[in-house]
Number of protein chains: 2
Amino acid sequence: MKLDDIDKRILRALQRDGRMANNDLAREVGLTPSPCLRRVKLLEEAGVIDRYVAMLNPAKIGKGQTFFTRIWLKAQDEDTIEHFAAEVAKLPEVLECYLMLGDCDAMVRVVAANIDAYRRFQSEHLSRIKGVQNVKTDVPSQTIKQTSEMPL
Amino acid sequence: MKLDDIDKRILRALQRDGRMANNDLAREVGLTPSPCLRRVKLLEEAGVIDRYVAMLNPAKIGKGQTFFTRIWLKAQDEDTIEHFAAEVAKLPEVLECYLMLGDCDAMVRVVAANIDAYRRFQSEHLSRIKGVQNVKTDVPSQTIKQTSEMPL
DNA sequence: ACAATCTTCGCAAGCAAATTGCGCCGAAGT
DNA sequence: ACTTCGGCGCAATTTGCTTGCGAAGATTGT
């Protein structure tokens, strides 16, 4: 899909505020409400806009700390990986999970209240997944930047 | 702030669909529209709901690949870190940046069209930031899970 | 145990915003 | 120069948001 300048302005605005009123959005991008809304619907149908979500403040719901954990599996065959992926999908504390090229086999991003809660999670859930050989956790001490806004 | 069961249902729903109509949300959580909207506003004012955003499909805007890069700095003094943070903040391709405890000094998450585009970005931008001594990139080959939904 | 108070609900009316159809204008192609 | 097509703006309709108010249930203090 081809995105012109107005489309990009719409996407930038909706990435900042996904609940912005269409009238305000229209004014910001230099259109009247109707063609503006039409473009938004087209962007949704084309899948450029995947979904709208509410972002919660992790600290306010007792999930203030993020942890990155690199994982090494005992083997890299399909069964081992499938099983690992299925188990990880069940854990709501795991927000992201990637299979990796190179050094480690997988990487997960976990949220928890603090490092003690995380250690418990790691030993009781992550390490117990069949096929997991070793894990190494990287702990952020400070967040410099955290956004979901794609560059356009 | 204390969250009862209805609040949690509201948060779960809005994390799935941040643009859900209040009428539908009310029906889903078992309230009429007015108290439901009141609760949503309270959750927003309390900062539990931080913001609403549109999530774009990275592949559809030429940012289909994610890269995790661990960074080692030449020094860990405040000036070096401040400067690094300021430079990273300017780079829209960097969606996340954390200072780390332990092994590396910082970790960034970068989006790019593909690995070639990323390599260019790394050598032209990341590595040129003053104070950056070494970088090591972890490349996801497959995304198993990727969500912004906090466990409640 | 009873009364006062506080909280949170549902209802209903008024209001604002989203949505749709239609005519118009400009760009591109013949 | 004429035709066609795409995209805009206007206006009417519908839909959903918003707010004030009275009632019901829970809680606290006497």
Side-chain angles (χ1 to χ4, degrees), chain A residues 1-63 113 147-152, chain B residues 1-63 113 147-152:
Chain A
M1 183 180 183
K2 146 184 174 297
L3 301 174
D4 66 13
D5 197 54
I6 293 181
D7 288 322
K8 289 180 184 177
R9 280 209 286 272
I10 289 175
L11 294 175
R12 270 190 285 264
L14 289 179
Q15 282 190 107
R16 270 191 290 105
D17 180 3
R19 262 195 163 180
M20 175 180 281
N22 183 55
N23 288 357
D24 298 337
L25 179 62
R27 201 171 320 116
E28 180 170 330
V29 305
L31 284 178
T32 50
S34 5
C36 180
L37 185 63
R38 250 188 302 262
R39 277 170 181 263
V40 171
K41 298 282 155 144
L42 285 176
L43 289 167
E44 291 169 359
E45 279 163 28
V48 178
I49 297 176
D50 185 46
R51 52 208 285 255
Y52 299 90
V53 302
M55 302 291 283
L56 308 190
N57 183 334
K60 294 273 169 81
I61 54 172
K63 304 285 167 184
T147 179
S148 57
E149 291 180 36
M150 293 284 167
L152 285 172
Chain B
M1 183 180 181
K2 147 185 173 296
L3 301 174
D4 66 13
D5 197 56
I6 293 180
D7 289 323
K8 290 181 183 175
R9 280 208 285 271
I10 289 175
L11 293 175
R12 270 190 283 265
L14 288 179
Q15 284 190 105
R16 269 190 289 106
D17 179 3
R19 263 196 162 180
M20 175 179 282
N22 183 56
N23 289 353
D24 297 337
L25 179 61
R27 201 172 318 116
E28 180 170 331
V29 304
L31 285 178
T32 50
S34 8
C36 179
L37 185 63
R38 248 189 302 265
R39 278 170 181 264
V40 171
K41 296 281 153 125
L42 286 175
L43 289 167
E44 291 170 359
E45 280 162 28
V48 178
I49 297 175
D50 185 47
R51 52 208 287 254
Y52 299 89
V53 302
M55 303 290 284
L56 308 190
N57 183 335
K60 293 273 169 80
I61 54 172
K63 304 286 168 182
T147 179
S148 57
E149 293 180 36
M150 294 283 166
L152 286 171

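Labels below follow one simple rule: chain letters A, B, ... track the order of the sequence lines, proteins then strands, and each chain is numbered from 1.
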CG of B/Leu37 versus P of D/dC17: gap in Å, rounded?
8 Å
Salt bridge between A/Asp24 and A/Arg27, side-chain N to carboxylate O under 4.0 Å?
yes
Taking atom types as they are modelled, is there a donor-acceptor pair under 3.5 Å from the base of C/dG10 to the side chain of B/Arg38?
yes
Considering only heavy side-chain atoms of B/Ala21, the closest of D/dG16, C/dA17, D/dT18 is D/dG16
If you check the A/Pro35 side chain, which of D/dG9, D/dG16, C/dG10 turns out closest?
D/dG9
Can you tell me how far C1' of D/dC8 sits from CG of A/Asp7, to the nearest Å?
14 Å
Could you tell me the separation between the CG atom of A/Leu31 and the C1' atom of C/dA18, rounded to a whole number of Å?
16 Å
Walking DNA chain C from its 5' end, the first of B/Ile6 and A/Asn23 to be reached, judged by nearest nucleotide, is B/Ile6
Tell me whether the side-chain N/O atoms of A/Arg39 come closer than 4.0 Å to OP1 or OP2 in D/dC8.
yes
Send over the distance from A/Leu42 CG to D/dC8 C1', rounded to a whole Å.
14 Å
Please report the distance, rounded to the nearest Å, between CG in A/Asp5 and C1' in D/dG7.
16 Å
Do side-chain atoms of A/Lys60 reach the backbone of B/Ala46 as a donor and acceptor pair under 3.5 angstrom?
yes
Any side-chain heavy-atom pair of A/Asp7 and A/Leu42 under 4.5 Å
no
Restricting to non-hydrogen atoms, name the atom on A/Gln15 and the atom on A/Glu149 that form the minimum distance, rounded to 0.1 Å.
OE1-CA, 3.2 Å
When rounded to whole Å, the CZ to P distance for the pair A/Arg27 and C/dA18 reads 11 Å
Nucleotide of D/dG9, C/dT19, D/dC17 approaching A/Asn22 most closely (side-chain heavy atoms)
C/dT19
Where the side chain of A/Ser34 is concerned, which of D/dG7, D/dC10, D/dG20 is the nearest nucleotide?
D/dC10
Do the side-chain N or O atoms of A/Lys41 get closer than 4.0 angstrom to the phosphate oxygens (OP1, OP2) of C/dA18?
no
Round to the nearest Å and state the distance from B/Met20 atom CE to D/dG16 atom P.
13 Å
Are any non-hydrogen side-chain atoms of B/Leu14 and B/Glu44 less than 4.5 angstrom apart?
no
Provide, to the nearest angstrom, the distance between the CG atom belonging to B/Asp24 and the P atom belonging to D/dT15.
13 Å
